[in-house]
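Owing to the predicted nature of the structure, the values given are computational and were not obtained by experimental measurement. Position 1 is the first residue of the sequence, and the numbers go up from there. In listed order, ligands and their atoms are each counted from 1.
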Amino acid sequence: MTKPGEPASYDPEAVRARYLAERAKRMVPGRTEIRDLRSDTFFARYRDDPFTAVTPRDPLSDEVDVVIVGGGIAGVLAGANLRKAGIERIRIVDLAGGVGGTWYWNRYPGVMCDVESYIYMPLLEELEYVPTHRYAFGDEILRHLEAIAGRFDLVEDALFHTGVTRAEWDDTASRWRVHTDRGDEITTRWYVLCVGILNLMKLPAIAGMEDFGGRSFHTARWDYAYTGGSLHEPLTRLADKSVAFIGTGASGIQCVPPLAQSAKHLYVFQRTPSAVGERGNRLTDPRFAETLEPGWQRERMDNFQSIMVGRPVDSDEVDDGWTHHWAAVHHPTRKKGLSPAEYMRVAEAVDYEVMDVHRHRVEELVADPVKAEILKPYYRYLCKRPCFHDEYLLAFNNPNVTLIDCPAGIERITAQGPVVDGRQYEVDCLIYGTGFEPELTPLARRAGHEIVGRGGVSLAAKWADGPATLFGMMTRGFPNLFVMPAPAQQSVVTVNYTQLAVLGGEFVGGAVGLLERHGVEVFDVSAEAEESWVQKIVDSFVDGSAVLSACTPSRLNNEGHPELINPKNANYGRAMGDWFGYRELLERWLEDARFEGLDLEVRSTA
Ligand code: NAP
């Protein structure tokens, strides 16, 4: 193993050439073409909720204090913090039949979160809950989010199975008017967008996909009526079925083992192999809870985040693949006196070693050397989101599992099933583990409705050439509007999304509480403050295309076109952003209570 700063014990030229060759196989025309599931008529069923029946109701016309669009982690945390700030009439609106967001929709077999549960599941201390496993399964996370919503009384006034169609700022009344697809007209003082990231299912546009004669569905709409079983139980109805599974990303690697266990035959279509590290899930040690002191969860999140941003820590509390591999690659030890070019070489060597560990892992776990070779990832670690699983690779040792290498994607789909390299795979069922529209998806699209601010200007129009915000959470011309911080939206990026949502929720709750206490009727971002924030973001943009353009395409590098990333989509601080600086800035802003950067209209009675 090469030590940081030592000459590489591998042939960097050969490795680079191999990585580029693998990239070239995947940079094919049409790679990123998708069906637009918002409007697609053939696949209209993807707009239905297969999990909860829709309850008929009359349209509402009323006024509340806050409308929160989205009842996922962010929405529930925003709601909890608004409640703590004393806000009474809080209305969550969500297309789903309940709270949970990602965890409502993603119920596929084996679904879990690969970020440690003790830092991923929010408000554990307040709810006095200790997760049952080191990595929680989806149903436990969903139940926990439901428990938070229950604790903070966010369900009774919520409108589920309801999509906002349009929200418009009324300058005369100083209120938002929110219209929904159930005919509601809700008036609200504060409007909070918690619409999620990776919230739009992605179906690739594959020639002939409409012709498929069997059953097909996306992992985020699992059809248990067809497969039988449950998240934890065998999919009994697949015992006599051949199944094609497309996609080997974070969802795919979790689904494949239960499918391999249950299906008569499973064909896994792999475009790019994931780097699949060790998971090491285990039941929570009952003694763990006894060791916890008040404030432990924030400390543990901070410990994880410190390691992820390369800050020194005394101990590694989470101690897993993220804190080992991801952090090592992100922040290779910088020896004194190294030139930038030497440092780049060290970084490349560290990356090579980590990827080699993953390639060796495949060799160790997969018996068939041909399959093993196909499953080995040949690219730099951060080109794609890494994955962690202990059963995924082993599943390929099952005689009923066939791996199909299709770096250029599926050629076409016929009535019988997928075709690759001219070979027809006949299956009864086709499952798309093809993921979600990327983080770079503009907010207006993720929100799925028109948001109209002052002067009739829509958010989509205002952000047409990139976001323009203060703190990544407010935008001029859209008074009394908050947006949860998100990647590509001028805040920061965290591997543990919950930590960002906790901060966003605390800021929204804190800010609304403060504005209310100061009798503020309307706030808007000042022109100077927005300009200055956008400038900060653009200035901290690091053009990573020199390294990233050698990457295998993925949503992390704009599908192989990192040179097209808009600097306005960057973060507060270089690369993934200065998390601790950002949090300090927001917390200080709340503490100061000077509303710096906002223009205020104060109620005359205040
Ligand atoms: P994903 O990582 O985007 O994976 C989609 C898969 O579908 C990829 O393997 C992709 O190949 C493949 N694919 C797409 N179009 C294809 C085509 N036309 N032909 C063949 N293959 C095609 O999606 P995901 O697995 O649902 O995960 C999305 C994100 O959700 C993750 O990155 C993560 O952020 C989150 N997630 C998190 C967890 C967790 O445990 N925390 C679990 C699941 C999901 P390419 O790789 O070549 O593009």
**Request:** Please verify whether a non-hydrogen atom of Cys113 lies at under 4.0 Å from ligand 1.
**Result:**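 It does, in that a heavy atom of Cys113 comes within the 4.0 Å cut-off of ligand 1.
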**Asked** Does ligand 1 have any atom sitting under 4.0 Å from a heavy atom of Val115?
**Response**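 For ligand 1, residue contact (heavy atoms, under 4.0 Å) with Val115 is absent.
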[atom]: which protein heavy atom is closest, and how many Å away?
atom: atom 17 (C) of ligand 1; value: Arg271 NH1, 3.6 Å
atom: atom 32 (O) of ligand 1; value: Arg555 NH1, 2.6 Å
atom: atom 20 (C) of ligand 1; value: Ile246 CG2, 3.6 Å
atom: atom 47 (O) of ligand 1; value: Thr272 OG1, 2.5 Å
atom: atom 23 (O) of ligand 1; value: Gly435 CA, 3.1 Å

Taking only heavy atoms of [X], which atoms of ligand 1 are found under 4.0 Å from at least one of them?
X: Asp114; result: 39 (C), 40 (O), 41 (N)
X: Thr248; result: 6 (C), 8 (C), 9 (O)
X: Pro204; result: 15 (N), 18 (N)
X: Leu198; result: 29 (C), 30 (O), 34 (O)
X: Tyr108; result: 42 (C), 43 (C)
X: Lys384; result: 45 (P), 46 (O)
X: Phe436; result: 26 (O), 28 (C)

**Prompt:** Does Thr469 offer a backbone N or O that forms a donor-acceptor pair with the side chain of Gln490 under 3.5 Å?
**Reply:**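 Judged by distance alone, yes, a pair lies under 3.5 Å.
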**Request:** Taking all non-hydrogen atoms of both residues into account, name the closest pair between Asn558 and Leu440 and its distance.
**Result:**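 Nearest pair, atom of Asn558 first, then Leu440: OD1-CD1, 3.7 Å.
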**Message:** Looking at every heavy atom in both Pro109 and Ser230, which two are closest together, and how far apart are they?
**Reply:**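 Pro109 and Ser230 have their closest heavy atoms at CB-O, 4.2 Å.
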**Asked** Does the side chain of Tyr104 come under 3.5 Å of the side chain of Asp94 through a donor N or O and an acceptor N or O?
**Response**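 Not at all, the side chains of Tyr104 and Asp94 share no donor-acceptor pair under 3.5 Å.
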**Asked** Is the number of heavy atoms from other residues, nucleotides or ligands under 6.0 Å of Arg47 CZ greater than 12?
**Response**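 Yes - once you tally the heavy atoms of other residues, nucleotides and ligands closer than 6.0 Å, there are more than 12.
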Identity of the nearest option to [atom], non-hydrogen atoms only, from [options]:
atom: atom 33 (C) of ligand 1; options: Gln254, Arg385, Glu437, Arg279; value: Arg385
atom: atom 48 (O) of ligand 1; options: Met201, Lys25, Arg31, Arg26; value: Arg31
atom: atom 24 (P) of ligand 1; options: Ser251, Gly249, Ala205; value: Ser251
atom: atom 5 (C) of ligand 1; options: Pro553, Pro487, Gly247, Gly433; value: Gly433

**Request:** Answer with yes or no after comparing the ring centroid distance for Phe436 and His218 against a 6.0 Å cut-off, counting only values under it.
**Result:**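 Ring-ring flag for Phe436/His218: true, centres closer than 6.0 Å.
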**Asked** Is there a nitrogen or oxygen of Ala250 sitting under 3.5 Å from a nitrogen or oxygen of ligand 1?
**Response**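 N/O-N/O distance below 3.5 Å exists for this pair.
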**Message:** Checking the N or O distance criterion of under 3.5 Å, is ligand 1 in contact with Phe269?
**Reply:**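 Min N/O separation from ligand 1 is not below 3.5 Å for Phe269.
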**Asked** So His389 and Tyr392, would you call those rings parallel, tilted or perpendicular, with 30° and 60° as cut-offs?
**Response**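 Judged by the thresholds at 30° and 60°, the geometry between His389 and Tyr392 is perpendicular.
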**Asked** Charged N to carboxylate O below 4.0 Å: is that the case for Glu125 and Arg298?
**Response**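 A salt bridge is absent here (no side-chain N lies under 4.0 Å from a carboxylate O).
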**Request:** Output yes when Lys376 and Glu22 qualify as a salt bridge under the 4.0 Å nitrogen-oxygen rule, no when they do not.
**Result:**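 Glu22 and Lys376: not salt-bridged.
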**With Phe43 via ring pair (Phe, Tyr, Trp, His ring centres under 6.0 Å) - residues at least two apart** =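 Scan of Phe43 (ring pair (Phe, Tyr, Trp, His ring centres under 6.0 Å), adjacent residues dropped) gives Tyr46.
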**Item:** Residue pair Tyr118, Phe288: steps toward the ring-ring contact (aromatic ring centres under 6.0 Å, His included) verdict
**Value:** CA-CA 10 Å; Tyr118 318 128; Phe288 172 70; 4.4 Å; yes
**Request:** Please lay out, stage by stage, how Arg359 and Glu363 fare under the test salt bridge (charged side-chain N to carboxylate O under 4.0 Å, His left out).
**Result:** CA-CA 7 Å; Arg359 289 187 286 259; Glu363 265 169 27; over 6 Å; no
Side-chain donor-acceptor pairs under 3.5 Å in residues 405-412, sequence neighbours left out?
unit_1: Glu411; atom_1: OE1; unit_2: Asp421; atom_2: N; d: 2.7
unit_1: Glu411; atom_1: OE1; unit_2: Gly422; atom_2: N; d: 3.2
unit_1: Glu411; atom_1: OE2; unit_2: Gly422; atom_2: N; d: 3.4

**Residue portion contacting ligand 1 (non-hydrogen atoms closer than 4.0 Å) for Thr434** =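 Answer for Thr434: both.
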